[in-house]
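FYI, side chains are in, hydrogens and waters are out, and symmetry mates aren't considered; it's all heavy atoms of this structure. Below, read A as the first sequence line, B as the second, and so on, with proteins coming before strands; counting in each chain starts at 1.
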Amino acid sequence: MTEIPKAYEPQSVEDKWYDFWQRNGCFTADPARVSEKRPAYSIVIPPPNVTGMLHMGHVLNNTIQDILSRKARMDGKEVLWLPGTDHAGIATEGMVAKQLKKEEHKTKQDIGREEFLKRVWTWKEKHGGIIISQLKKLGCSCDWTRERFTMDPDYVRNVQRVFVDLYKKGLIYRGKRMVNWCPATQTALSDEEVEMKPQKGFMYHFKVEVAEYAPGSSGRESAQTLLAASQSRLTSAATGEEKKGGPEIDSEGRVWLTIATTRPETIPGDTAVAVNPKDPRYAHLIGKHIVRPLPAELPREQKLIPIIGDEHVDFEFGTGVLKVTPAHDKADFDIGTRHKLPIVDIMNADGTMNDLAGADLRGLERFKARKLASEKLAELGVLVEEKPYENNVGFSQRADVPIEPRLSEQWFLKYPSVGVSKACVAEGQMKFHPDRWAKVYDHWLTNIQDWCISRQLWWGHRVPVWHKRIHVTEDNWGKTLDAWGWDEWVAGNWQRHAESDPNEATVVRMVRVSDGTEVDPKIQPMSPAVKEDEGEYDVFVATLSPALIKNFESCGFTQDPDVLDTWFSSWLWPFATMGWTGEKASDANAATLRAFYPTTDLVTGPDIIFFWVARMIMAGYEYMGDLPFKNVYFTGIIRDKQGRKMSKTLGNSPDPLDLIARYGADALRFGTMRSAPLGQDVLFDEKDVELGRNFCNKLWNACRFRQMQGGEVQGEINAALLSSDDRWILLRLDQAIREVSDALASYNFATAVQSLYRFFWSEYCDWYVEASKAAFFGEDAALKANKVAVIDFVLSHLLRMFHPLLPFITEELWHGMGYSADMPEEQGGKTIMFARWPKPLSAEEKEAWGLDDTVETFANVKFELVTQGRNLKTQFNIGAGKKGKFTLKPAGNLAPGEAEVLRLLLSAESLDLDPNFAPKKGTPTALTKLGELYLPLDGLVDVEVERARLTKELAKIQAEIEKVEQKLANPSFAQKVPAAVLEEHKQRLADWQTKLAQTKAAIEALG
RNA sequence: GCGUGGUUAGCUCAGUGGUAGAGCACUACCUUGACACGGUAGGGGUCGCAGGUUCGAACCCUGCACCGCGCACCA
């Protein structure tokens, strides 16, 4: 550090050192170095979206990971922080499709699957590295030689292998079920990707006619019968009120039911109306029919749908009559299944209405259709009421449009290893920080539904299943198989005998088209095929074998067009990135996997606890037989200073790169971590980064001050020459080392930052550096040298403690101050990254340096005197400059040099020691344990000002005395309180009483 | 509805049984030989409300209120 700028300039420093670290392989993990003495420490990065840009959430999350990694290196561990990116199916596909639209006015269908994927890859090659370079700017010490992408060829193969394996285990199945359909992106979504949001809409009441009472209908029952039957009224269990509703009879003797709905556009898809069989208003109508009002143009007989009884209907809600739309509502689908109702799908994939919705609605977008349907009902004279209503609607998290429950054929997964995954957290082998997330995790795992893993997208891992529909007859099945070239069954797997590698097994499943049931191809309709099993069959084969795939395709099999949910690839991240292949022999030789799995810590946001964390745990147990990480640290969510979530639409998210450019990466890291309490959301304010910059500058200048004193770097500390301040700062350093180490060990990052801040700024700079100037401005060379040695000791420890948080400035100063010079090459000589983490002072060191209890006590009374003296200066307008002549009437002996330290801390022109000092009347006084401190004002004393000041002080003292006396006066206090506390109270009272006496005397002396 | 976190200075948050704290903001003063991205001093709080336990409660217990978050959800 030859020429030190007055202010820290981070830009050049940061790039220089990041480059240095990378060139020297400082981030590269070597499994061969792992040993009992050098344990492994590993983290896998939550892979950011490859299309993503760095945002404040990444900053928080990755700074924490970097702190953990750098701390572990300094603890002498072999550290792997494994980075990479995620292919982010929907987001990336959407982005490229949007670009295609904008630049070429084409859709992905226009250019075809192959060409579209080419474009995605091109886009990825061009922009996919942005977030990685941004992480580097932040200082992340990831092992970039091991960077992974979820679409890397070996990763793709791992995903396929897992799919085939789970398929083979019977955990993956294809089914026609109600799924969450996103009409915007036109794909199915998992339950986790749906967000419930309150939505303002309308509750529509419309009436329908019961067909059996219509005038002229055959076998018409009289309305009188009905009246008799519905005599009994319903009384609400909840309110005791009589519920309205029930059938109504009009003047022509027609009978009507009123139905409440929020979605009138789905009426054409209604295939029943349901009432609760226990509802006395309606029970007798079960089995009769109503006339569905829409589509209006259909003949009446085609609009008759049955009234069914189902327990699901809550008779206190709405009118107690529920329209049942099995194709467009999950609960209705279940009712439909129970009653074998027809399923009428009235919508297209994009959320527009199809032909079945009728002439009026056909082609309309679903919300326009809703409005029109209500108008149509009004036109038909059946709309009873339309009132504003708020209900919860599921939204597609990604596209932010309402989900459409839709019946479609998808791949589902029954989660594997659920029991052990639950147990490992419940029983504490895996720890969550803060641990309250363990309950959330457990609850989810207790209630999980099968996972819809297929997505109707092109960008992603294509489902490794090939399909062909065949017509099986009694005698063609065997021939068909022969034609395919296969002739052997092995444990439910159809295998081509030439392909005997069990890992290349093919899993065959057959589904009878007529009823959708899965059949076992081994027994039926294989041998012997019986007449009634003849018919259409869907044959599905899942395989990894390229040779078999080729064979299937030549036999007319086609690959499933869908891709897998992106999370179906990222749940394998902790081991699929480390060389896992799923082959026992090769996995046993995968050095990275063996050394670094299970990983140590995972750092992530609680918003993906289900999406990612829970699923990784299950995959870890299923494929590695062990948990994927030992600790999960859940960060808070970054919000703006008003507490709003950061979002692009709000524009309240600052660009971290911009912040780094303006304040420095260390400043950003500092500001973020300082304001990130454990387990709480983070309210981010740019002021925090500014504070970080100021802090770095302070650190810079503290080192600059040391540099200006010259002298030997890291010389020996001579215990005999230590001043009370030296001993005090060494004790405070010891305390800081303990606090920071403990805080980091328990993931309390904000606490660690707070301890460092307090020690460095409030203790080291504010008191120690100021006090040290007494020696530096003096003439004693030995004392100066010793002071420099103490400062070097403190700063070299301090820089190491700051390194995980502030990697750049600490590295710069480490070298600039020369602390790297006499360090072993691999323990701080080359870089502070591998310098050993500071240990608390040993008992021997404390003994040798005389660090006992009196050190702290003395420092405190000294600082109290200084504060009071400074207060006097302010009160009497002496100003902050080096002004004011103090006289101290000492209470005891002061060690040599202390007076000069006091003078400097008071920033006074002089401080005289005079045991016999007789102050003039009205001289301002501070009464301290070190003695009476006077500020003689050369006749300018305003007696009344001083009297007022002392009187105010007297009142405060009396109040304190009263408080303590009250406590002590309580008889049970003395009896029950611990001795130390009692003693402390008595001492406090004595101290205040002394002060009281002194102050009274001072007031009397004023005359 | 179930679960969960919060409520302490104007703001953001520490403090988890024994004298209410920090940073920012505010007021006044100071460009002093590390630093104005700085220094010194100061003002500002019946610790959400009500009970209880205790010699003693911001802290432990009970209830309530309000603000979040997660899960479930009725048309």
Visitor: Kindly point out which of B:rG23, B:rG70, B:rA14 is positioned nearest to the side chain of A:Arg674?
Guide: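 When the side chain of A:Arg674 is considered, B:rG23 is the closest of B:rG23, B:rG70, B:rA14.
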
Visitor: Between A:Tyr8 and A:Trp700, how do the two ring planes meet: parallel, tilted or perpendicular, split at 30° and 60°?
Guide: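 Tilted, since the angle between the ring planes falls between 30° and 60°.
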
Visitor: Checking contacts here: which listed nucleotide (B:rC73, B:rA34, B:rG18) is nearest the side-chain heavy atoms of A:Cys765?
Guide: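 Looking only at side-chain atoms, A:Cys765 lies closest to B:rA34.
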
Visitor: Which residues pass the salt bridge (charged side-chain N to carboxylate O under 4.0 Å, His left out) test with A:Asp334, sequence neighbours left out?
Guide: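 With sequence neighbours excluded, A:Asp334 shows a salt bridge (charged side-chain N to carboxylate O under 4.0 Å, His left out) to no residue whatsoever.
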
Visitor: Between B:rG21 and B:rC30, how far is it from one P atom to the other, in whole Å?
Guide: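 Roughly 29 Å separates the two P atoms.
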
Visitor: Whole Å only: how far is the NZ atom of A:Lys330 from the P atom of B:rC74?
Guide: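 Computing the A:Lys330:NZ to B:rC74:P distance gives 10 Å.
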
Visitor: Give every donor-acceptor pair under 3.5 Å between a side-chain atom in residues 970-977 of chain A and any protein atom, sequence neighbours left out.
Guide:
{"unit_1": "A:Asn970", "atom_1": "OD1", "unit_2": "A:Ser972", "atom_2": "N", "d": "3.1"}
{"unit_1": "A:Asn970", "atom_1": "OD1", "unit_2": "A:Ser972", "atom_2": "OG", "d": "2.9"}

Visitor: Please state the P separation for the pair B:rG3 and B:rG42 - nearest whole angstrom.
Guide: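 Approximately 49 Å lies between the P atom of B:rG3 and that of B:rG42.
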
Visitor: Measuring only the C1' atom in each nucleotide, how far is B:rA14 from B:rA58? A whole number of Å is fine.
Guide: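 To the nearest whole Å, 12 Å.
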
Visitor: Using a cut-off of 4.0 Å on non-hydrogen atoms, how would the nucleic acid contact of A:Glu984 be classed: base, sugar-phosphate, or nothing?
Guide: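 Contact class for A:Glu984: base.
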
Visitor: Give me the distance, rounded to whole Å, that separates B:rC55 from B:rC67 when you measure between the P atoms they each carry.
Guide: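 38 Å, rounded to whole Å.
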
Visitor: Could you tell me whether the phosphate oxygens of B:rG42, OP1 or OP2, come under 4.0 Å of any side-chain nitrogen or oxygen in A:Asn871?
Guide: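 Yes, such a contact exists.
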
Visitor: Assuming nearest nucleotide by heavy-atom distance, tell me which of A:Asn447 and A:Lys687 is located more 5' along RNA chain B.
Guide: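 By nearest-heavy-atom nucleotide position, the 5'-most residue is A:Lys687.
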
Visitor: For the side chain of A:Leu683, starting at C-beta, report the closest nucleotide among B:rA34, B:rG23, B:rU12.
Guide: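 Looking only at heavy atoms from C-beta outward on A:Leu683, the closest nucleotide is B:rU12.
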
Visitor: Separation of A:Leu968 atom CG from B:rU19 atom P, in whole Å?
Guide: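 Between P of B:rU19 and CG of A:Leu968: 13 Å.
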
Visitor: What is the distance from CG of A:Leu989 to C1' of B:rG18, rounded to the nearest Å?
Guide: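 A:Leu989 atom CG is separated from B:rG18 atom C1' by 15 Å.
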
Visitor: B:rA34, OP1 or OP2 - any side-chain N/O from A:Lys773 closer than 4.0 Å?
Guide: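 Yes, such a contact exists.
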
Visitor: Contact class for A:Met203 (heavy atom, under 4.0 Å): base, sugar-phosphate, or nothing?
Guide: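 The residue A:Met203 makes no contact with any strand.
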
Visitor: With the side chain of A:His985 defined as its heavy atoms from C-beta on, choose the nearest nucleotide among B:rG18, B:rA14, B:rC74.
Guide: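 For A:His985, the side-chain atoms sit closest to B:rG18.
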
Visitor: If we take the P atom in both B:rU16 and B:rC74, what is their distance in whole Å?
Guide: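 Their P atoms lie roughly 44 Å apart.
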
Visitor: Does A:Tyr633 have its ring centroid less than 6.0 Å away from the ring centroid of A:Phe749?
Guide: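 Yes; A:Phe749 has its ring centre under 6.0 Å from that of A:Tyr633.
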
Visitor: A:Val321 near the nucleic acid: base, sugar-phosphate alone, or nothing, with a heavy-atom cut-off under 4.0 Å?
Guide: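 Nothing: the residue A:Val321, judged by heavy atoms under 4.0 Å, touches no strand.
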
Visitor: Answer with base, sugar-phosphate or nothing: what part of the nucleic acid does A:Tyr441 contact at a heavy-atom distance below 4.0 Å?
Guide: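 The answer is nothing, as A:Tyr441 stays clear of every strand by at least 4.0 Å.
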
Visitor: With a 4.5 Å heavy-atom cut-off, do A:Thr262 and A:Asn391 have their side chains touching?
Guide: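 Touching, per the 4.5 Å side-chain cut-off.
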
Visitor: Do NZ/NE/NH1/NH2 and the carboxylate oxygens of A:Lys862 and A:Asp725 come within less than 4.0 Å?
Guide: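 A:Asp725 and A:Lys862: salt-bridged.
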
Visitor: Can you say whether a donor on the side chain of A:Lys698 sits under 3.5 Å from an acceptor on the base of B:rC35, or the other way round?
Guide: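 Yes, the side chain and the base share a sub-3.5 Å donor-acceptor pair.
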
Visitor: Could you give the CG-to-C1' distance, from A:Asp766 to B:rA41, as a whole number of Å?
Guide: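 Distance, rounded to whole Å: 13 Å.
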
Visitor: Using a heavy-atom cut-off of 4.0 Å across all strands, would you classify A:Val769 as base, sugar-phosphate, or nothing?
Guide: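 Base contact.
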
Visitor: Return the 5'-most residue of the pair A:Glu192, A:Asn701 with respect to RNA chain B, ranking by each residue's nearest nucleotide.
Guide: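 Per heavy-atom nearest nucleotide, the more 5' residue is A:Asn701.
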
Visitor: Ignoring backbone atoms, test whether A:Trp437 places a side-chain nitrogen or oxygen under 4.0 Å from the OP1 or OP2 oxygen of B:rC69.
Guide: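 So the side-chain polar atoms of A:Trp437 never come under 4.0 Å of the phosphate oxygens OP1 or OP2 of B:rC69.
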
Visitor: Whole angstroms only, please: what is the CH2-C1' distance between A:Trp700 and B:rC35?
Guide: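 One finds 12 Å between C1' of B:rC35 and CH2 of A:Trp700, rounded.
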
Visitor: Please determine whether a side-chain nitrogen or oxygen atom of A:Arg693 lies at a distance below 4.0 Å from atom OP1 or OP2 of B:rC37.
Guide: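 Indeed not, no polar side-chain atom of A:Arg693 lies that close.
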
Visitor: Expressed as a whole number of angstroms, how long is the span from A:Lys963:NZ to B:rU46:C1'?
Guide: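 Taking NZ of A:Lys963 and C1' of B:rU46, I get 12 Å after rounding.
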
Visitor: Out of B:rC35, B:rC74, B:rG38, which has the shortest distance to the side chain of A:Asn697?
Guide: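 Output: B:rC35.
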
Visitor: Is there a side-chain contact between A:Tyr8 and the phosphate of B:rA34, meaning an N or O under 4.0 Å from OP1 or OP2?
Guide: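 Result: no.
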
Visitor: Return the set of residues passing salt bridge (charged side-chain N to carboxylate O under 4.0 Å, His left out) with A:Glu864 (not counting sequence neighbours), or none when no residue passes.
Guide: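 Here the qualifying residues are A:Lys995.
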
Visitor: Measuring from the side chain of A:Asn694 (C-beta onward, heavy atoms only), which nucleotide among B:rC37, B:rA34, B:rC24 has the closest atom?
Guide: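 Per side-chain heavy atoms of A:Asn694, the pick is B:rC37.
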
Visitor: List the atom of A:Thr928, the atom of A:Leu865, and the distance in Å for their closest heavy-atom pair.
Guide: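 Closest approach of A:Thr928 to A:Leu865: OG1-CD1, 3.4 Å.
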
Visitor: Between P on B:rG23 and CZ on A:Phe670, what's the gap in Å once rounded to a whole number?
Guide: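 Value for this atom pair: 12 Å.
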
Visitor: Can you check each nucleotide of nucleotides 54-59 of chain B against protein heavy atoms at under 4.0 Å and return B for base, S for sugar-phosphate only, - for none, in 5' to 3' order?
Guide: -B----

Visitor: Just to be sure I understand the rule, does A:Asn391 reach a base, reach only the sugar-phosphate, or reach nothing, if contact means heavy atoms closer than 4.0 Å?
Guide: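 Sugar-phosphate: the residue A:Asn391, judged by heavy atoms under 4.0 Å, touches backbone atoms but no base.
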
Visitor: Can you check the A:Phe695 CZ to B:rA22 P distance for me, whole Å?
Guide: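 Spelled out: CZ on A:Phe695 to P on B:rA22 is 17 Å.
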
Visitor: For the base of B:rC73, is there a side-chain donor-acceptor partner from A:Asn392 under 3.5 Å away?
Guide: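 Under the 3.5 Å cut-off, the side chain and the base do form a donor-acceptor pair.
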
Visitor: So what does A:Leu322 touch, heavy atoms closer than 4.0 Å: a base, only the sugar-phosphate, or nothing?
Guide: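 Base, at least one base heavy atom under 4.0 Å.
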
Visitor: Counting side-chain heavy atoms from CB outward, which of B:rA41, B:rC24, B:rU4 is closest to A:Arg870?
Guide: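 The listed nucleotide nearest to A:Arg870's side chain is B:rA41.
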
Visitor: RNA chain B in dot-bracket, Watson-Crick or G-U pairs under 3.5 Å, [ ] crossing, | other strand?
Guide: ((((((((.[[[[.)..(..]]]].(((((.......))))).....[[[[[..)....]]]]])))))))....

Visitor: Hey, is A:Arg693 close enough to A:Glu686 for a salt bridge, meaning N to O under 4.0 Å?
Guide: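 No, no charged N to carboxylate O under 4.0 Å.
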
Visitor: Taking the P atom of each, how far is B:rG48 from B:rU7, in whole Å?
Guide: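 B:rG48 and B:rU7 have their P atoms separated by 7 Å.
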
Visitor: Assess whether a salt bridge exists between A:Lys323 and A:Asp332, defined as any Lys/Arg side-chain N lying under 4.0 Å from an Asp/Glu carboxylate O.
Guide: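 No, this pair does not count.
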
Visitor: Choosing from B:rU19, B:rG70, B:rC37, which nucleotide comes nearest the side chain of A:Trp992?
Guide: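 That would be B:rU19.
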
Visitor: So if I take every side-chain heavy atom of A:Arg639 and compare against B:rC37, B:rC69, B:rC71, which nucleotide ends up nearest?
Guide: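 So the side chain of A:Arg639 is nearest to B:rC69.
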
Visitor: For A:Phe705, is the NZ or CZ atom of A:Lys773 found under 6.0 angstrom from the centre of its six-membered ring and inside 45 degrees of the ring axis?
Guide: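 Relative to the ring axis of A:Phe705, which defines the angle, A:Lys773 lies inside both limits.
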
Visitor: Would you kindly check if the NZ (Lys) or CZ (Arg) of A:Arg732 is within the cone defined by 45 degrees around the ring axis of A:Trp767 and under 6.0 Å from the six-membered ring centre?
Guide: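 Geometry flag: not set, cation outside 6.0 Å or 45°.
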
Visitor: What pairs with A:Phe202 under ring-ring contact (aromatic ring centres under 6.0 Å, His included), at least two apart in sequence or on another chain?
Guide: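 A:Phe202 satisfies ring-ring contact (aromatic ring centres under 6.0 Å, His included) with no residue once adjacent residues are dropped.
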
Visitor: Determine whether a donor-acceptor pair (one donor, one acceptor, N or O, separation below 3.5 Å) exists between the side chain of A:Glu770 and the base of B:rA34.
Guide: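 Yes, the side chain and the base share a sub-3.5 Å donor-acceptor pair.
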
